[in-house]
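I have placed the structure first, in the form of structure tokens, so that the comments after it can refer back to it.
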Amino acid sequence: YLRGLSFRLPEGARVMAYKPEGRGWSRVDVLLHAVSYYCLFHKCVDVGDYEACFKYFQVHYKGSGQSFPSEKEISFFPGSIDFSKYPAIDYLISWKIDETSYGNINGFFQAVRKEGPIGIWRRTN
């Protein structure tokens with residue numbers, strides 16, 4: 001998963017983890033958290049940062065009026081996300097994407113890097 005760090009994401013891009021296989025029984029999914037590190041290294045925004053979505057934490061998204069999928073959708077139901085509702089998402093970092101999950105992002109994102117199970121997808125519309 002760390003090989004994707006060599007792909008240069010534009011500063012300020014809004015990036016989301018897309019891991020269709022779900023979390024299973026794991027309480028902490030390191031692959032979903034890896035996107036936060038991509039964003040830190042490239043000065044981007046992790047739209048799946050649950051801390052920024054709740055009032056209990058010190059970090060919050062700026063009130064730009066842009067909406068993102070909920071942390072619950074990103075973590076547990078990524079295949080049900082309607083990307084037409086979230087045009088602010090610039091990139092997806094995917095893990096083990098298959099034909100079914102590709103159909104969900106097709107028409108919205110194009111692969112800019114694939115290496116083994118990792119994929120980086122740029123928004124096309």
Side-chain angles (χ1 to χ4, degrees):
Y1 207 81
L2 293 175
R3 287 184 175 179
L5 282 172
S6 64
F7 181 82
R8 197 79 185 130
L9 293 168
E11 189 173 318
R14 292 160 302 249
V15 183
M16 187 186 107
Y18 190 72
K19 186 180 171 216
E21 69 184 27
R23 288 168 71 159
W25 291 101
S26 174
R27 289 186 172 263
V28 176
D29 190 327
V30 294
L31 296 174
L32 289 175
H33 286 280
V35 172
S36 294
Y37 290 98
Y38 276 61
C39 291
L40 285 171
F41 283 113
H42 298 294
K43 298 181 182 176
C44 298
V45 177
D46 176 6
V47 303
D49 181 1
Y50 67 92
E51 293 178 344
C53 297
F54 295 107
K55 63 181 179 180
Y56 310 110
F57 298 94
Q58 297 295 318
V59 175
H60 297 285
Y61 294 126
K62 290 182 179 179
S64 63
Q66 296 175 0
S67 62
F68 300 123
S70 70
E71 187 274 332
K72 185 176 179 180
E73 285 179 287
I74 293 170
S75 297
F76 297 106
F77 309 106
S80 67
I81 296 172
D82 179 359
F83 286 101
S84 67
K85 294 180 180 178
Y86 308 109
I89 299 171
D90 300 312
Y91 286 85
L92 296 179
I93 298 178
S94 69
W95 183 256
K96 293 187 178 177
I97 200 164
D98 60 13
E99 291 298 319
T100 305
S101 49
Y102 174 71
N104 190 39
I105 64 173
N106 188 23
F108 298 103
F109 295 91
Q110 176 182 347
V112 291
R113 178 161 188 176
K114 286 185 183 178
E115 188 172 338
I118 188 174
I120 300 176
W121 307 77
R122 180 177 42 231
R123 185 158 197 112
T124 56
N125 69 12

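For clarity, every value in this text was computed on a predicted model and none was experimentally measured.
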Legend entry - Any donor-acceptor N/O pair, Asp90 side chain to Ala13 backbone, under 3.5 Å: no
How long is the span from the [atom1] atom in [X] to the [atom2] atom in [Y], to the nearest 0.5 Å?
X	Y	atom1	atom2	value
Ile81	Ile105	CD1	CD1	10.5 Å
Glu11	His42	CD	NE2	11.0 Å
Asp46	Arg14	CG	CZ	13.0 Å
Arg8	Ile120	CZ	CD1	12.0 Å
Met16	Phe68	CE	CZ	11.0 Å

Over all atoms of both residues, closest heavy-atom pair of [X] and [Y]:
X	Y	result
Pro78	Tyr18	O-CE1, 3.4 Å
Tyr86	Pro69	CE2-N, 3.5 Å
Ala17	Val35	CB-CG2, 3.4 Å

Inset, instruction - Dump the intermediate steps for ring pair (Phe, Tyr, Trp, His ring centres under 6.0 Å) on Phe83 and Phe109, then the final yes or no. - result: CA-CA 9 Å; Phe83 286 101; Phe109 295 91; 5.3 Å; yes
Legend entry - Any pair counted as side-chain hydrogen bond (donor to acceptor under 3.5 Å, both in side chains), so long as it reaches residues 116-125, sequence neighbours left out: Ser94-Trp121
Legend entry - Any side-chain heavy-atom pair of Val15 and Val45 under 4.5 Å: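 They are not in side-chain contact.
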